[in-house]
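Here the structure is laid out as structure tokens; the discussion comes afterwards.
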Amino acid sequence: ANRYIQVNADGTIDTSFSLGATTNVNGANATVNAVAYDSMGRLYLGGDFTTVRATAQSFYSRLDVDGSVDATFNSGFGADGPVRAMTVQADGKVLIGGDFSSINGVAIKRLARLNSNGSLDTAFNNNLGLGLNDSVFDIQVDPATGDVLVGGLFTDFNDGSSASYIARFSPSGVFNTAFAANATANQFVRSIAIHADGRILIGGGFTVVNGLDRNRVAQLNADGTIDLTVNFGTGANDIVNAVAIDANGKMLIGGAFT
């Protein structure tokens with residue numbers, strides 16, 4: 001299986017998920033950076049690839065439940081650069097982020113939303129204007145508000161608004177300037193997780209958040225201010241690549257630290 005595979009709940013390979021009978025149609029032709037599922041069980045892939053199962057799929061793709069490529073979803077030019085993050089909303093729309101500057105030939109930088117049929121969500125994307133000035137690494141949707149939280153290497157939104165490695169957008173794609181003024185990191189945000197109460201766990205390469213020492217892991221309130229009730233001590237001694245929150249509110253953190 002080239003670069004992606006589906007496994008069952010017990011960890012065994014799902015042999016019903018067809019990956020192709022021969023090597024030339026088996027999997028993706030380059031790295032897969034992101035995976036997501038929708039409510040129908042369809043799999044979304046984002047990455048550095050340009051083909052999936054020998055079908056042209058520029059940097060993102062949707063697979064049906066049997067693993068076959070849904071060529072109707074990405075049937076145009078696709079993205080013009082790698083996709084590093086994908087999130088499927090409850091309404092079936094798909095948020096994608098990465099290094100691209102256009103989708104299907106339409107200029108849109110590093111963040112975009114697709115309708116469930118793969119077409120661009122014009123209203124959302126129009127609100128993004130000129131987009132973000134550098135890579136997007138993670139996208140999460142606040143289940144309580146529908147707001148979109150984005151982390152990455154970017155420092156600017158729409159060629160003029162400061163966005164220091166993390167940004168918040170309304171469900172319609174409007175940039176939250178108040179959040180941006182509160183939430184400022186000194187280096188990239190790699191991963192985001194959102195608590196049920198709206199607080200935001202972030203991990204990455206930063207050592208300062210909102211002017212306070214926070215080594216690679218920090219927690220924000222919903223408005224972007226630092227959550228001072230959480231004490232990570234001296235934090236992590238190297239990059240945090242992934243954060244998650246379990247059903248009990250415990251936080252899981254993974255990365256290059258020792």
Side-chain angles (χ1 to χ4, degrees), residues 30-36 44-49 58-62 74 77-89 93-104 106-114 118 120-121 124-142 146-177 179-180 183-194 200-206 209 216 218 220 224 239-244 255:
T31 303
V32 172
N33 298 317
V35 296
Y44 296 76
L45 305 173
D48 301 334
F49 54 81
S58 296
F59 305 106
Y60 65 90
S61 184
R62 182 168 74 191
N74 185 359
F77 298 109
D80 68 345
V83 170
R84 304 194 180 281
M86 296 189 82
T87 298
V88 182
Q89 297 184 172
K93 292 185 178 183
V94 184
L95 292 155
I96 65 173
D99 299 336
F100 54 82
S101 58
S102 72
I103 301 290
N104 287 331
V106 178
I108 185 158
K109 293 182 178 179
R110 284 98 188 186
L111 177 66
R113 188 162 74 187
L114 309 177
L120 279 168
D121 180 347
F124 182 92
N125 297 324
N126 283 347
N127 282 331
L128 297 180
L130 298 174
L132 296 159
N133 71 329
D134 213 330
S135 301
V136 167
F137 292 148
D138 197 14
I139 306 169
Q140 297 294 327
V141 177
D142 186 331
D147 283 1
V148 177
L149 278 294
V150 180
L153 272 170
F154 54 82
T155 56
D156 179 273
F157 170 73
N158 200 22
D159 199 20
S161 295
S162 179
S164 298
Y165 307 104
I166 185 169
R168 187 179 194 116
F169 298 87
S170 76
S172 61
V174 176
F175 181 69
N176 189 322
T177 55
F179 181 91
T184 59
N186 71 333
Q187 196 37 279
F188 64 87
V189 171
R190 179 79 71 184
S191 185
I192 300 170
I194 304 172
I200 304 158
L201 178 65
I202 60 174
F206 52 81
V209 177
R216 288 100 184 180
L220 308 176
I239 293 170
V240 169
N241 289 318
V243 296

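All values reported here derive from a predicted model rather than from experimental measurement.
- Under a 3.5 Å cut-off, the side chain of R113 and the backbone N or O of F124 do not form any donor-acceptor pair.
- The shortest distance between side-chain heavy atoms of L153 and Q187 falls below 4.5 Å.
- For the pair A185 and Y165, the tightest heavy-atom approach, listed with the atom from each and the gap, is O-CD1, 3.2 Å.
- Two residues are said to be in side-chain contact when any heavy atoms from C-beta on lie closer than 4.5 Å; L220 and V209 meet this criterion.
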Go through the steps for D99 and R84 under the test salt bridge (charged side-chain N to carboxylate O under 4.0 Å, His left out), then give the verdict.
CA-CA 8 Å; D99 299 336; R84 304 194 180 281; 2.7 Å; yes

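- A donor-acceptor contact shorter than 3.5 Å is absent between the side chain of N176 and the backbone of R168.
- Smallest separation of non-hydrogen atoms from T184 and S164: CA-CB, 3.8 Å.
- Using a 4.5 Å heavy-atom threshold, the side chains of L120 and L114 count as touching.
- Looking at F206, F137, F154 one by one, the single match for side chain to side chain contact (heavy atoms under 4.5 Å, CB included) with F188 turns out to be F137.
- A distance-only check finds no donor-acceptor pair linking the side chain of D156 to the backbone of N133 [under 3.5 Å].
- V189 is not listed as a side-chain neighbour of D138, based on a closest heavy-atom distance of 4.5 Å or more.
- Distance check: I202 CD1 to I166 CD1 gives 5.0 Å after rounding to the nearest 0.5 Å.
- The two residues N158 and L130 make their nearest non-hydrogen contact at OD1-N, 2.8 Å.
- A heavy-atom distance below 4.5 Å is not found between the side chains of L95 and V150.
- The aromatic rings of F169 and F157 lie perpendicular to each other, with more than 60° between the two planes, well past the 30° mark.
- Taken to the nearest 0.5 Å, the CD1 atom of I239 stands 13.0 Å off from the OG atom of S191.
- Side-chain N/O atoms of D80 and S101 include a donor and acceptor closer than 3.5 Å.
- At a threshold of 4.5 Å between non-hydrogen side-chain atoms, the residues F59 and N74 do not count as touching.
- Between N126 atom CG and D121 atom CG the span is 9.0 Å, to the nearest 0.5 Å.
- A donor-acceptor distance shorter than 3.5 angstrom exists from the side chain of N104 to the backbone of F77, with no hydrogens or angles considered.
- Counting all heavy atoms, side chain and backbone alike, V88 lies closest to A36 at CG2-CB, 4.0 Å.
- Between atom CG of residue N33 and atom CE of residue M86 there is a gap of 11.0 Å, rounded to the nearest 0.5 Å.
- For the pair A193 and A244, the tightest heavy-atom approach, listed with the atom from each and the gap, is CB-CA, 4.0 Å.
- For the residue pair A85 and A34, the shortest heavy atom distance occurs at CA-CB, 3.9 Å.
- Interatomic distance, OG of S58 versus CG of D48, reported as 12.0 Å (0.5 Å rounding).
- Taken to the nearest 0.5 Å, the CD1 atom of I194 stands 4.5 Å off from the CG atom of L149.
- In this structure the side chain of V240 never reaches within 4.5 angstrom of the side chain of R190, judged on heavy atoms.
- Residues F100 and Y60 place their aromatic rings such that the two centres sit no closer than 6.0 Å.
- Side-chain N or O atoms of D142 include none that pairs as donor or acceptor with a backbone N or O of G146 at under 3.5 Å.
- Taking the side chain as every heavy atom from C-beta outward, V83 and Y44 never approach each other to under 4.5 Å.
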